[in-house]
Each structure stands twice: as structure tokens, then as C-alpha cells.
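Here the structure comes first, spelled out in C-alpha cells, and everything after it is commentary.
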Protein chains: 2
Amino acid sequence: MYTISDVAKLLGITAHTLRYYEKEGIIAPIRNANGERVYDDSNLAWLRFVMRLKQTQMPISQIREYAQLYLEGEHTAQARLNLLEDHRNSVQSQIRNLTATEKVLADKITAYKSFITKGTGIN
Amino acid sequence: MYTISDVAKLLGITAHTLRYYEKEGIIAPIRNANGERVYDDSNLAWLRFVMRLKQTQMPISQIREYAQLYLEGEHTAQARLNLLEDHRNSVQSQIRNLTATEKVLADKITAYKSFITKGTGIN
DNA sequence: ATATAGGTTAGAGTTTACTCTAAGTCAAAT
DNA sequence: ATTTGACTTAGAGTAAACTCTAACCTATAT
């Protein structure tokens with residue numbers, strides 16, 4: 001069991017952001033007798049997955065959609081699978097994009113280095 | 001020589017966005033007698049590179065910084081190289097991130113498929 | 001007893017990157 | 001001559017994702 005600031009520290013985000021995610025329907029931790037949020041390990045695992053989705057450019061609206069489908073039960077499994085497959089395609093396309101740009105950058109970096117040491121033309 | 005809407009079409013963005021990039025100090029096309037923007041091939045090549053940087057999450061502020069260094073002349077070559085190397089590192093880290101997430105998604109997708117056809121547990 | 005360190009809410013403010021509007025200019029087509 | 005289409009500017013508006021503030025509550029340490 002974790003407090004909001006425990007979770008914030010573990011995920012490297014702020015408590016403000018966690019409350020915002022809750023307001024956006026991404027997570028719903030239980031409350032203790034004092035009205036304070038209590039996160040368990042399954043909440044933490046879900047939030048870690050959310051962080052992955054965010055780092056790979058899935059918008060909050062789509063993460064919420066997935067979370068809501070999960071709450072609606074097993075009959076939404078196909079819809080969730082579709083969402084995951086769409087995102088996987090997006091991830092693969094981002095990788096292609098980044099790989100191509102990495103090559104362009106590598107070439108430019110080589111050209112700059114040779115310009116700086118030898119005075120060759122820049123592109 | 002290209003008009004603003006030629007360039008917009010070629011890059012798949014709007015003329016509004018091109019004017020915004022100009023306001024942000026990312027590009028400075030010349031004007032014709034009529035005060036209209038005229039883009040040449042070097043402008044186009046630069047904008048295509050800008051699109052790459054954007055697609056790989058470089059913020060406008062950093063793209064502007066690179067553009068301004070370029071305008072300041074050859075003595076900024078080292079500073080530009082540093083910027084490019086920093087961004088290359090960011091691109092490489094994004095690729096690692098996306099690759100790891102792709103694996104997580106692949107596993108989840110497999111689990112969902114097996115749940116949908118055979119009724120096995122979901123993660 | 002009270003100060004401190006945390007938690008709560010509703011809601012306002014900020015940043016980034018556009019996106020659009022209004023009012024106007026200008027050249028070519030009808 | 002006037003309509004049409006494409007351009008110009010300054011500046012307002014929008015969407016996403018936070019980020020912060022104010023006012024308040026509550027358990028623990030001094």
C-alpha cells in the first residue's frame with residue numbers, strides 16, 4: 001500500500017499529476033478512513049504501463065478509453081485488443097521514423113566533425 | 001521557387017503553420033516585390049530537416065536555437081554539433097524506449113488473442 | 001497545546017504548438 | 001469594373017497536459 005507521494009516518487013511524477021490522471025479517468029485508487037488515496041501493487045503496475053504508453057505518445061484520451069474498457073469487463077476484450085494493436089502499429093512507425101532520423105543525424109554529425117577539425121564544407 | 005501554399009502542400013502542413021515557424025525564428029524566406037514569401041530549395045531542405053526534428057520530439061525552442069546558431073555563422077559549428085549530438089542521444093533513447101514498449105505490447109496482444117479465442121487469463 | 005508535514009478539493013493558470021479570424025492588398029479572369 | 005483567389009498582418013482562440021493556489025483537514029512530534 002502506497003500514499004500518493006510514494007507513488008509519485010516511484011514513478012518520477014508529481015502528486016498533482018496523479019490527481020490529474022484520476023480526474024481524467026485513468027486510475028481510481030481506493031480511499032482510507034481519512035479520505036486519502038491508497039494505491040496498491042495493481043494500481044502501481046497499471047500506472048507503470050500508463051507511463052510506457054505516455055512515453056510512446058499515446059494521448060491521455062486514448063489511455064482513458066483503454067482504462068474505461070477494462071472497467072467495463074471481459075466483453076470489451078476485443079476492443080482493447082484493437083486499441084493495443086493500433087498503438088503497436090504507431091510504435092513501429094515511430095521506430096522507423098526515429099531510425100531514419102538517427103542516420104541523418106549521424107551523417108550531419110560526421111560532416112560537422114570533419115568541418116571543425118579539417119575545415120570541410122557543412123551540409 | 002515556391003509560394004507558401006506550395007511549401008505547405010509539399011510538407012503536409014498549413015500555410016498558417018509556416019508563418020508561425022517564421023515568427024518563431026525557424027525560417028526566414030525572402031519576399032517578392034509584392035511582399036509575399038518566396039521559398040527556395042535550400043529553404044525546403046531546411047524545412048524537411050525541421051520536420052524530422054519535430055517528428056523526433058525536438059521542441060520548437062531547440063530547433064530555433066539551432067537555426068539561430070546557423071545564422072550566426074561558422075564560429076557556431078561546435079555549438080551546433082553539441083545540439084545535434086544531444087538530440088541524437090535523445091533519439092537513441094527514444095528508440096530503446098519504443099523497442100521495449102513494443103515487446104510489452106506484443107506480449108499483451110498475444111495474451112488478449114489467446115483470451116479471446118480460448119478464454120485464458122488476461123494481464 | 002500547537003506546529004509541522006502531509007493529505008484533501010475546486011478551480012485557476014501555464015506552456016507548447018498550433019489554428020483561426022479580421023481586415024486589408026494585389027493580380028488575373030470574367 | 002468587379003469578382004475571385006491567394007497572399008499579407010496583428011492578434012485572438014484552442015487543445016493537451018500539466019502545474020499551481022487557496023482553503024481546509026488530520027495525524028504525529030515537541
Side-chain angles (χ1 to χ4, degrees), chain A residues 1-40 43-44 46-68 83 87 90 94 97, chain B residues 1-40 43-44 46-68 83 87 90 94 97:
Chain A
M1 301 309 214
Y2 313 92
T3 67
I4 194 165
S5 55
D6 290 340
V7 176
K9 256 160 240 158
L10 286 166
L11 298 180
I13 62 180
T14 68
H16 285 308
T17 303
L18 280 167
R19 293 192 197 98
Y20 164 71
Y21 288 167
E22 188 171 340
K23 195 157 51 180
E24 291 298 314
I26 282 174
I27 185 154
I30 55 155
R31 306 301 172 105
N32 65 15
N34 209 356
E36 294 173 10
R37 291 165 179 83
V38 177
Y39 297 80
D40 63 18
N43 291 151
L44 205 53
W46 163 242
L47 284 169
R48 285 194 210 278
F49 183 55
V50 168
M51 291 299 120
R52 287 223 96 93
L53 296 179
K54 281 202 51 56
Q55 281 163 3
T56 56
Q57 322 302 320
M58 188 185 278
I60 292 289
S61 58
Q62 223 169 114
I63 299 174
R64 171 183 41 233
E65 206 181 323
Y66 184 80
Q68 295 308 305
L83 259 173
H87 188 56
S90 151
Q94 288 177 68
N97 212 328
Chain B
M1 301 309 215
Y2 312 91
T3 67
I4 195 166
S5 54
D6 290 340
V7 176
K9 257 160 238 157
L10 286 167
L11 299 180
I13 61 179
T14 68
H16 285 309
T17 303
L18 280 167
R19 293 193 197 96
Y20 164 71
Y21 288 166
E22 188 172 338
K23 196 157 52 180
E24 290 298 314
I26 282 174
I27 185 154
I30 56 154
R31 305 303 170 104
N32 65 17
N34 208 357
E36 293 172 11
R37 291 163 179 84
V38 177
Y39 297 80
D40 63 18
N43 290 152
L44 204 53
W46 164 242
L47 284 169
R48 284 193 211 278
F49 184 55
V50 168
M51 291 300 121
R52 286 223 96 94
L53 296 178
K54 280 202 52 55
Q55 281 163 3
T56 55
Q57 321 303 319
M58 188 185 277
I60 292 289
S61 57
Q62 223 169 114
I63 299 175
R64 172 184 40 234
E65 205 181 323
Y66 183 80
Q68 295 308 306
L83 259 174
H87 188 56
S90 152
Q94 287 177 68
N97 214 328

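In what follows, chains carry the letters A, B, and so on, assigned in the order in which the sequence lines appear, proteins first and then strands, with residues in each chain numbered from 1. Note that the structure is a prediction, hence the values are computed from the model and not measured.
Atoms CE (B:Met1) and P (D:dA6) sit 21 Å apart, rounded to a whole Å. A:Tyr39 has its OH atom 16 Å from the P atom of C:dG6, to the nearest Å. Straight-line distance from the NZ atom of A:Lys9 to the C1' atom of C:dG7: 13 Å, rounded to whole Å. Atom OH in A:Tyr20 sits about 16 Å away from atom C1' in C:dA10, given to the nearest Å. Counting to the nearest Å, the P atom of D:dA17 and the CD1 atom of A:Ile13 are 14 Å from each other. A:Leu18 places its CG atom 16 Å from the C1' atom of C:dT9, with the value rounded to the nearest Å. Straight-line distance from the CD1 atom of B:Ile60 to the P atom of C:dT19: 11 Å, rounded to whole Å. Distance, B:Gln57 CD to D:dA17 P: 13 Å, rounded to whole Å.
Formation of a donor-acceptor pair under 3.5 Å by the B:Arg64 side chain with backbone atoms of B:Glu24 is found in this model. Remark: the backbone N or O of A:Glu36 is not paired with any side-chain donor or acceptor of A:Asn34 at under 3.5 angstrom.
The phosphate of D:dC18 (OP1 or OP2) has a side-chain N or O of A:Tyr21 nearer than 4.0 angstrom.
Taking both residues in full, the closest heavy atoms of B:Ala67 and B:Ile26 are given as CB-O, 3.9 Å, listed atom of the first, atom of the second, then distance.
When the C1' atoms of four end pairs are superposed on the next four at each end of the helix from C:dA1-D:dT30 to C:dT30-D:dA1, using five pairs per end, the two resulting axes differ in direction by 20°, to 10°.
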task = Walk me through it: do A:Lys54 and A:Ile60 pass the test side-chain contact (heavy atoms from CB on, under 4.5 Å)?
result = CA-CA 8 Å; A:Lys54 281 202 51 56; A:Ile60 292 289; 4.3 Å; yes

side-chain contact (heavy atoms from CB on, under 4.5 Å) assessment of A:Val50 paired with A:Ile27 = CA-CA 10 Å; A:Val50 168; A:Ile27 185 154; over 6 Å; no

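For B:Glu22, the salt bridge (charged side-chain N to carboxylate O under 4.0 Å, His left out) partners are B:Arg31, B:Arg37, not counting sequence neighbours.
Just one residue in the list A:Ile30, A:Thr3, A:Val7 forms a side chain to side chain contact (heavy atoms under 4.5 Å, CB included) with A:Tyr39, and that residue is A:Val7.
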request  = Summarise how protein sits on nucleotides 7-12 of chain D as a single string, 5' to 3': B when a protein heavy atom is under 4.0 Å from the base, S for sugar-phosphate-only contact, - for no contact.
outcome  = SBB-B-

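To the nearest 0.5 Å, atoms CD1 (B:Ile63) and CH2 (B:Trp46) are separated by 7.0 Å.
A donor-acceptor contact closer than 3.5 angstrom is absent between the side chains of B:Ser61 and B:Glu65.
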